[in-house]
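First comes the structure, then the notes that go with it.
The sequence lines fix the lettering, A, B, ..., with proteins before strands; numbering per chain opens at 1. On a predicted model such as this, the values are computed, not experimentally measured, just so you know.
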Amino acid sequence: MKQLNKELEQLIEGALAGAIHRGDLPEFEIPSIPVSPPKRAGQGDLSYPGMSLARLARKNPLEIANLIAATLPEADFIDKIEVAPPGFINCFLSESYLKGQVDRIIAEGEDFFQIDIGAGQKAQVEFVSANPSGPITIGHTRNAVVGDAMARLLEAAGYKVQREYYYNNAGNQMIVLGKSLMARYRQQLGEDINFPADYYQGEYLVEIAAELAEEHGDALKGAGWERFKDMAEARMFEWINRSLAAIDIKHDRFYNETSLFESERIWAVLEAMRDRGHIYQSPHWEGADDEEIADVRSKGYEPATWFRSTSFGDEKDRVMVKSDGVPTYTLPDIAYHRDKLERGFDIAVNVLGADHFSQAQVVKHGIRALNMDPDPIQVIFIQMVRAVRWNAETGKMEVVKQSKRAGDFDTLDELVEMTSADAVRYHMLARSPNSQLDFDVDQVVKQSNENPVYYIQNAYVRCAGIFREAQERGFNDDGADLSLLGEDELKFIRKALELGNVIEQAVRNYEPHKIAFFAQELAAVFHPIYDKVRVLHGEVPVDVAAARLRFYRAAGVVFYRLLRLMGMSAPERM
RNA sequence: GCUCCAGUAGCUCAGUGGAUAGAGCAUUGGUUUCCUAAACCAAGUGUCGCAGGUUCGAGUCCUGCCUGGAGCGCCA
């Protein structure tokens, strides 16, 4: 389906080129100025600010606008062009074109506004990537929802998309996880043993230990922490997948951090960086001040392996391999991203918590140090999530304390249990990733008109309801004459046709939340029409009813598409 | 101290350098012989954190400052 704003931009640019060619305007490079829907009625459906050209064309903006309007070629979607001071060119869409879109929408179905800015290029979205040491938390959930929506939008924009989870199953944390489970298991067997403060404290390890004791009795008594690590990891992996599946999220690939160790790729990466002169051995980094040096001395460190990331603009150099010979998290992370780029992704979106900002910068420096272009790596930083709740006594929003007491929650599982997968997805998505998110527990729990989740889904339900009823009455939209549609229906079509641009903006700016706001806006256009524009009613002539039924068929298609883009279900009934 | 994010209606937040700044919730009043009222209609609320600057035009861009959050580890 055409993106009308793009079409109009091209027509205007063509008209400008013609005017320059004829000498009506002086020679200048035509800038790309976006056409957008104006805010007010009477200003048309698409608007181009001709004033932007005044300086370049050295001409009165109104004159320029008039010149363009007069020479703009005809197009099937344009009804008329008006010029408004100080220099807007307002385009009114043709009614017959709009009415015809109803059939186009139905024909495209689930591919409604499948655009092609990706042109089949390979894109990857790496998201969640939570450490397998505990359940998916409310923070991971936001990451999951944003990442999956981004993947769906990239698909809608014509990219081939792979969803990947970087599975941090290497490093000290996994050792601690294994030892924690081992200690819990022994406690289950009745041993009175110390459980250190730096072990994983969560109740879930106690539960797993209890299951192990049930299954194996004391048969695992002599097993080492490695065995417990493997069992803990397997359970965590299964748990994480189950939690994510509950909100309809599935990764195509889990990329194990350990594979980078086993294949020795991390060492290859380190050597490649060393060959280019970015690696050195030292007890402290080259730019360390006296205080840092004194600190290092007091700790008695042997020399470590440093990456001179300051060459790429970093504020200090970073340790790649600790003095005990164990790599930091950063080295495999760089190796991982090199691998991503070598797999040939044109876009590699990385959804990360804002607390990973510095780390992501270092990885990009590392990629540059390998003489590779980090440009395909695009990072969406997600700001913090807090669960909040209205306190009627203080009259303020309050942060919900994370606790296991009834009513409070801090995991995805509990969140879904208290609300619903759809509610979680919508509310986590309907916010700019750059904004901190206050997740209002009570509002999400409410299943009423106070909740935009159901407002949007109900639009689809209503479309489905009309069809159910029509079918029962033996009525259909065969041979519908779309010219019988009225201004209300056209209003919906106009809004629905903005979807292509919404998808493009969301993809180009890596802002998947835009789709959630658009869905809400479109539902707000739909519901008043539903109340007003009846199909199965005695006073509606049969031919008009058929046209309207076809319209609601198209509306249903659009809402289905939107709900799927957000990863939400499209129920036929509430 | 440095870096990043945010500050817009009572609350939670949208807002492509364009026209008279928007939505949901909350508040108030109304609507159903008709496809599910989880809906609709109507009403009110703004120093867009502050001060400068750029521009024909700034909530949006630049500079400085204030407030809140995140980061600045031989953790992952």
Phosphate OP1/OP2 of [N] contacted by [X] side-chain N/O (<4.0 Å):
X	N	result
A:S435	B:rA14	yes
A:Y455	B:rC40	yes
A:N131	B:rA76	no
A:K299	B:rG73	no
A:K322	B:rA76	yes

Margin query: Can you pull out the residues from residues 506-523 of chain A that lie within a 4.0 Å heavy-atom distance of RNA chain B?
Written below: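 Close to the strand are A:H513, A:K514, A:F517, A:Q520.
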[X] side chain, from C-beta outward: closest of [options]:
X	options	answer
A:N434	B:rA19, B:rA6, B:rC74	B:rA6
A:L536	B:rA6, B:rA19, B:rC35	B:rC35
A:M51	B:rG18, B:rA19, B:rU36	B:rG18
A:R462	B:rA76, B:rA37, B:rA19	B:rA37
A:H537	B:rC40, B:rC34, B:rU12	B:rC34
A:V296	B:rU16, B:rC74, B:rA19	B:rC74

Notebook entry, point to check: Is the cationic atom of A:R308 (NZ for Lys, CZ for Arg) positioned less than 6.0 Å from the six-membered ring centroid of A:F312 and within 45 degrees of its normal?
Noted result: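 The answer is no, since A:R308 fails at least one limit relative to A:F312.
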Next item on the list: Report yes or no: do A:Q173 and A:Y329 form a side-chain donor-acceptor pair below 3.5 Å?
Entry: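 No - no donor-acceptor pair under 3.5 Å links their side chains.
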Considering every strand and a 4.0 Å limit on heavy-atom distances, what is the contact class for [X]: base, sugar-phosphate, or nothing?
X	answer
A:R55	sugar-phosphate
A:D333	nothing
A:P528	sugar-phosphate
A:Q173	sugar-phosphate
A:R431	sugar-phosphate
A:N90	base
A:G465	sugar-phosphate
A:T328	sugar-phosphate
A:P86	nothing

Checklist line | Lys/Arg N to Asp/Glu carboxylate O, A:E487 vs A:R494, below 4.0 Å | finding: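 Salt bridge between A:E487 and A:R494, a charged N being under 4.0 Å from a carboxylate O: yes.
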Note to self: Quick check for you: to the nearest 0.5 Å, what is the distance between A:K532 atom NZ and A:D488 atom CG?
What the structure shows: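 Answer for the NZ-CG pair, A:K532 versus A:D488, is 3.5 Å.
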Next item on the list: Could you measure between the two P atoms, the one in B:rU8 and the one in B:rG68, and give it in whole Å?
Entry: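 Nearest-Å result for B:rU8 against B:rG68 at atom P: 14 Å.
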Check: On a whole-Å scale, what distance lies between the P atoms belonging to B:rG59 and B:rG52?
Finding: 14 Å
Note to self: With hydrogens left out and only the distance checked, is there a donor-acceptor pair under 3.5 Å joining A:N458's side chain and the base of B:rU36?
What the structure shows: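 Under the 3.5 Å cut-off, the side chain and the base do not form any donor-acceptor pair.
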Next item on the list: Classify the side chain of A:S36 and the base of B:rG18 as holding, or not holding, a donor-acceptor pair under 3.5 Å.
Entry: no
Partner nucleotide, any strand, of [N] [Watson-Crick/G-U, under 3.5 Å]:
N	value
B:rA19	none
B:rC74	none
B:rC34	none

Item checked: Heavy-atom neighbours of A:K491 NZ exceed 12 at 6.0 Å -> no
Polar atom pairs (N or O), protein with nucleotides 69-72 of chain B, under 3.5 Å:
residue : atom : partner : partner atom : Å
B:rG69  : O4'  : A:Q436  : NE2          : 3.4
B:rG69  : O2'  : A:Q436  : NE2          : 2.9
B:rG71  : O2'  : A:S358  : OG           : 2.9
B:rC72  : O2'  : A:E315  : OE2          : 2.7

